[in-house]
There are 4 protein chains.
Amino acid sequence: MLISLDMTGDDPIYLQLRNEIVLGIASRRLQGGEGLPSVRQLAEDLGINAMTVNKAYTLLKEQGFIEIDRRQGAKVRVSTEAAPHFPGRWQQQLALLIAEGLARGMEKGELMKTCEQLFEILNQGEKTQ
Amino acid sequence: MLISLDMTGDDPIYLQLRNEIVLGIASRRLQGGEGLPSVRQLAEDLGINAMTVNKAYTLLKEQGFIEIDRRQGAKVRVSTEAAPHFPGRWQQQLALLIAEGLARGMEKGELMKTCEQLFEILNQGEKTQ
Amino acid sequence: MLISLDMTGDDPIYLQLRNEIVLGIASRRLQGGEGLPSVRQLAEDLGINAMTVNKAYTLLKEQGFIEIDRRQGAKVRVSTEAAPHFPGRWQQQLALLIAEGLARGMEKGELMKTCEQLFEILNQGEKTQ
Amino acid sequence: MLISLDMTGDDPIYLQLRNEIVLGIASRRLQGGEGLPSVRQLAEDLGINAMTVNKAYTLLKEQGFIEIDRRQGAKVRVSTEAAPHFPGRWQQQLALLIAEGLARGMEKGELMKTCEQLFEILNQGEKTQ
DNA sequence: GTGGTCTAGACCACA
DNA sequence: GTGGTCTAGACCACT
C-alpha cells in the first residue's frame with residue numbers, strides 16, 4: 001500500500017500517517033486481520049522518525065482501528081465493536097464540513113451526491129488521492 | 001448568537017471561533033449581510049485577546065465567508081460565489097470522515113442518513129452542540 | 001469616466017480613487033488640462049466622505065498628476081516636468097513586481113510581452129479593469 | 001544575505017521583510033531549496049519581534065515562495081509551479097505602475113528599457129537598493 | 001531545536 | 001469608532 005506524506009504541509013506527520021491508514025482500511029487495501037509493518041520498518045520506508053510512526057499506531061489503537069500485540073506487531077482490527085469517544089467528535093466534524101458547504105450555498109442534492117460518490121469510491125477500493 | 005469556546009481543549013481558540021461562526025452562517029443564525037461584533041467587542045465578550053479574534057476574522061475573510069469593511073467592521077458575505085481553494089481540501093476532509101465511518105463498519109444507508117440529518121438540523125437553524 | 005471602488009477590500013478608498021484617476025490620465029480618458037469634478041460632487045457621486053476625495057486629490061497634486069486651483073478646482077496637469085520624489089520609489093516598486101515574476105519562474109520574454117501589452121492597452125485608451 | 005528594514009517608514013515591517021526575501025529569491029542570492037533562518041534567529045538578528053517574522057514567513061508560504069517544514073524550518077521553494085491567486089493582482093499592480101509612467105509622459109521605449117534593465121539586474125544577482 | 005498560539009497593552013491609518 | 005501592526009514574553013505541539 002502506497003503512503004504519501006507531505007513533509008512541508010501544515011498537518012503533523014503522525015496524523016497524516018494515521019489518516020492514510022484509515023483510508024487504507026476503509027478501502028480494504030488493508031484487510032481486517034492483516035498485519036501492519038513494524039514501527040521500525042515503516043519508519044525506515046517512509047524516511048521518518050520511529051517515534052512518529054509509534055504515535056500514529058498508538059492513536060489508531062486508541063481509536064479502535066488496529067490492535068497492537070507486543071509479539072506479533074500491529075494488525076487491522078477485524079470486527080468493529082465499541083470505539084472510545086467516537087460518535088460525538090466524529091459527528092461534530094461532519095457537521096462542520098456540512099456547515100461549510102451550506103454556508104457557501106451548496107444545495108442538499110449536491111451535498112448528498114458528493115457524500116455518496118466519496119462512499120462508493122472508498123468502498124470499491126480505489127484510491128482517492 | 002451564543003458562542004462557546006473550550007479554553008482547555010487542544011483546538012486553537014481562533015479556530016473554534018472560526019468554526020462557530022461558520023456554523024452560525026450555515027444555520028442562518030447569522031444572516032447574509034449581517035454585521036458581526038467588532039474585534040474588540042467580541043474579544044471582551046468572550047474574554048479573549050483581540051488578536052485572537054482578529055485571526056479568526058482574517059481567516060474567515062480569506063476563505064470567503066465574511067467581508068471586512070474598514071468603516072463598518074465585519075459582516076457576513078451575502079452571495080458566496082467565489083470560494084478560494086475550497087473544493088479540494090474540503091472533499092479530502094469529507095472523504096476522511098467517511099472513511100472513518102466505513103472502517104468502523106458503518107453501512108451506506110446509515111452514513112447517508114446521518115449526513116441528511118445534520119444537513120436538515122443546520123438548515124432549520126437549530127443548534128447542534 | 002467610470003470609477004469603481006471596492007469598499008470591502010484591503011486597499012484604502014483614497015488610494016483606490018487616486019489609482020483610478022491615474023489610470024484615467026494614462027489612458028487619456030482624462031485629457032491634459034481637463035477639469036476634475038469638485039471634491040463635494042465626486043464624493044456625493046461615489047457615496048463616500050468628502051475628506052476621502054480630498055485626500056486623493058491632495059496626493060495626486062503632491063505627486064504632480066493634477067493641479068489644484070482654489071477658484072477653478074482641480075484639473076489634470078498638462079505637461080509633465082519634474083515630479084517630486086518620483087523615480088526612486090517607482091523603480092523600487094517596479095523592481096519588486098519584476099522580482100515576483102522572476103521568483104515564480106517567469107521568463108524574460110513573457111515579462112516583456114506582458115509589459116508591452118499593458119502599455120498598449122493603456123495607450124489606446126481602453127479600460128483594463 | 002543582507003536585509004535592510006526601515007523602522008520609521010509607512011510600510012509594515014513584515015511586508016518589507018517579505019519583499020526583501022522575494023528580491024533575494026529573484027536575484028538568486030537565495031537559492032531554491034536553501035534554508036532560511038529560523039523565525040527566532042532572524043527576529044533577533046533584525047531586532048524585531050518573532051511574530052513579525054512569523055507573519056512575513058506565513059505570507060511567503062501562502063504566496064508559494066517558500067515552504068515551511070516543521071522539522072527544518074523554512075526553505076525557499078524549489079519549483080514554483082502553483083501560484084495561488086497570483087496573476088490577477090500582479091497584473092493589476094503592474095498596469096498601475098505603467099500607467100503612472102504613461103501619465104508622466106514616459107515613452108514606450110523608455111519604459112521597456114527600464115523593465116529590461118531591472119530584469120537583468122535581478123537576474124544577474126546584483127543588489128538593487 | 002522548530003513553528004504555532006496566546007496574552008496584555010500600545011500606537012497608527014482609515015473613515 | 002474601526003481594523004492593522006508591533007512588542008515582549010509565555011506556553012505548547014511536533015520531531
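Just so it is clear, the structure is predicted and the values come from calculations on it, not from any experiment. Letters go in sequence order (proteins before strands), and every chain restarts at 1.
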Give DNA chain E the dot-bracket treatment, 5' to 3': Watson-Crick (N1-N3 with N6-O4 or O6-N4) or G-U (N1-O2, O6-N3) under 3.5 Å, [ ] crossing, | other strand.
||||||||||||||.
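- Heavy-atom distances to DNA chain F give each of B/Pro37 and D/Met7 a nearest nucleotide, and the one nearer the 5′ end belongs to B/Pro37.
- Qualifying side-chain contact (heavy atoms from CB on, under 4.5 Å) partners for B/Val76, counting only residues two or more places apart in sequence or in other chains: B/Ile25, B/Leu30, B/Leu36.
- No engagement by C/Ile48 is indicated, since no non-hydrogen atom pair under 4.0 Å with the nucleic acid exists.
- With sequence neighbours excluded, no residue forms a side-chain hydrogen bond (donor to acceptor under 3.5 Å, both in side chains) with B/Asp10.
- One atom, CD of D/Glu44, and another, P of E/dG1, lie 12 Å apart when rounded to the nearest Å.
- Looking at B/Arg28 and B/Glu34, no side-chain N of the basic residue comes within less than 4.0 Å of a carboxylate O on the acidic one, giving no salt bridge.
- Among all heavy-atom pairs drawn from D/Val22 and C/Glu100, the shortest one is CG1-CG, 3.7 Å.
- Residue B/Glu62 contributes atom CD, which lies 11 Å from atom P of F/dG4 at whole-angstrom precision.
- Taking atom CD1 on B/Ile68 and atom P on F/dT2, their separation rounds to 14 Å, with Å as the unit.
- At the heavy-atom level, D/Asp69 lies nowhere under 4.0 Å from the strands shown.
- Partners of C/Lys75 by side-chain contact (heavy atoms from CB on, under 4.5 Å), not counting sequence neighbours, listed by chain and number: C/Glu67, C/Gln72.
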In B/S/- notation, 5' to 3', how is nucleotides 9-15 of chain E contacted by protein heavy atoms closer than 4.0 Å?
--B--SS
What do the steps show when you test C/Leu17 against C/Leu46 for side chain to side chain contact (heavy atoms under 4.5 Å, CB included), and what is the final call?
CA-CA 10 Å; C/Leu17 179 53; C/Leu46 298 174; 4.0 Å; yes
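- Residues A/Gln93 and A/Arg89 form a side-chain contact, since some pair of their non-hydrogen atoms from C-beta on lies under 4.5 Å apart.
- One can place CG of D/Asp6 at 16 Å from P of F/dT5, the figure rounded to the nearest angstrom.
- Residues meeting the side-chain contact (heavy atoms from CB on, under 4.5 Å) test with C/Asp6, sequence neighbours left out: C/Thr8, C/Gln16.
- The interatomic distance linking B/Ile66 (CD1) with F/dT2 (P) rounds to 15 Å, in whole Å.
- Taking atom NZ on D/Lys75 and atom P on E/dG3, their separation rounds to 13 Å, with Å as the unit.
- At a cut-off of 3.5 Å, with distance as the only test, no side-chain donor of B/Arg40 or B/Ser38 sits close to an acceptor on the other residue.
- In this structure, D/Asn54 atom CG and E/dC6 atom P are separated by 13 Å, rounded to whole Å.
- A straight line from CG of A/Leu46 to P of F/dT15 spans 13 Å, rounded to a whole angstrom.
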